[in-house]
Structures are given as C-alpha cells and as structure tokens.
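What follows is one structure encoded as structure tokens, with my remarks underneath.
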Amino acid sequence: AFEELAELVSRPEFAQRDEQEQHLAFDALTEIGGLRSVRVLTEITERRAGFFKRKQIEQLKQNAYNWLMQLKRKKR
C-alpha cells in the first residue's frame with residue numbers, strides 16, 4: 001500500500017487535487033510508511049514549479065513540508 005500511495009502523491013497531477021485530498025493522502029502515507037515517507041515528501045518539497053500551475057505546485061510543496069515537520073516531531 002505504501003508504494004502505491006508514494007506513486008500517487010509523486011505524480012505531477014496530484015498537485016491539482018484539492019487540499020483536503022492532499023492532506024488525507026499525506027496522512028495515510030505517513031501513517032503507513034512512517035520514516036519511509038520522508039524520502040517521498042522530501043522529493044516533493046524539492047520539486048521545481050514551472051510557469052503553469054505554479055500556485056498548485058507551491059501549495060503541494062508546502063503541504064509536504066508540513067507533513068515532514070509532523071514526522072520530525074513524532075520522532076522526538
């Protein structure tokens with residue numbers, strides 16, 4: 001299940017999903033994958049936004065960053 005979720009959130013079109021759907025997907029990813037999800041979330045935060053859909057990509061990156069910070073807090 002983790003691999004499928006990681007593939008889903010890594011797809012470029014995932015940025016077009018609404019924020020609630022992104023939230024639920026990242027929640028499931030981190031619950032199932034735990035620290036394995038760090039790599040996936042980090043890759044998303046480092047993604048470059050093109051000219052088109054910049055706002056969506058930036059929002060996706062911010063959401064991924066927020067989940068990374070939650071994982072960091074859980075680890076402590």
Exercise. Decide yes or no for Asp27 and Trp67: does some side-chain heavy atom of the first lie under 4.5 Å from some side-chain heavy atom of the second?
Key: yes

Quiz item: Any side-chain heavy atom of Gln56 sitting closer than 4.5 Å to one from Leu60?
Solution: no

Quiz item: Any chance CZ of Arg48 has more than 12 other-residue heavy atoms, nucleotides or ligands included, within less than 6.0 Å?
Solution: no

Exercise. Flag the pair Arg54 / Gln59 as yes when at least one side-chain heavy-atom distance between them is below 4.5 Å, and no otherwise.
Key: no

Quiz item: Are more than 12 heavy atoms from other residues, nucleotides or ligands located less than 6.0 Å from atom CD of Glu13?
Solution: yes

Quiz item: Does the side chain of Gln70 reach to within under 4.5 Å of the side chain of Thr30, using non-hydrogen atoms?
Solution: no

Quiz item: Do Leu41 and Val9 come within less than 4.5 Å of each other through their side chains, counting heavy atoms only?
Solution: no

Practice problem: Give a yes or no on whether a salt bridge exists between Arg11 and Glu7, defined as a side-chain N under 4.0 angstrom from a carboxylate O. | Solution: yes

Exercise. Please name all residues satisfying ring pair (Phe, Tyr, Trp, His ring centres under 6.0 Å) with Phe14, sequence neighbours left out, ordered by chain then number.
Key: Phe26

Practice problem: Answer with yes or no whether the hydrophobic clustering places Leu24 together with Tyr65; edges join I, L, V, M, F, W, Y residues whose side-chain heavy atoms lie under 4.5 Å apart. | Solution: no

Quiz prompt | 4.5 Å side-chain heavy-atom contact, His23 and Asn63 | solution = no

Quiz prompt | Test item: Gln22 side-chain N/O and Arg17 main-chain N/O as donor-acceptor pair under 3.5 Å | solution = yes

Quiz prompt | Straight-line distance of Asn66 CG to Lys61 NZ, nearest 0.5 Å | solution = 13.0 Å

Practice problem: Kindly say whether Leu29 contributes a backbone atom to a donor-acceptor pair with the side chain of Arg36 at under 3.5 angstrom? | Solution: no

Quiz item: So does Lys55 pair up with Glu58, basic N to acidic O under 4.0 Å?
Solution: no

Quiz item: With Ser37, which of Leu68, Ile32, Leu5, Leu71 fulfils side-chain contact (heavy atoms from CB on, under 4.5 Å)?
Solution: Leu71

Practice problem: Kindly indicate whether the side chain of Asp18, heavy atoms from C-beta on, has any atom under 4.5 Å from the side chain of Glu21. | Solution: yes

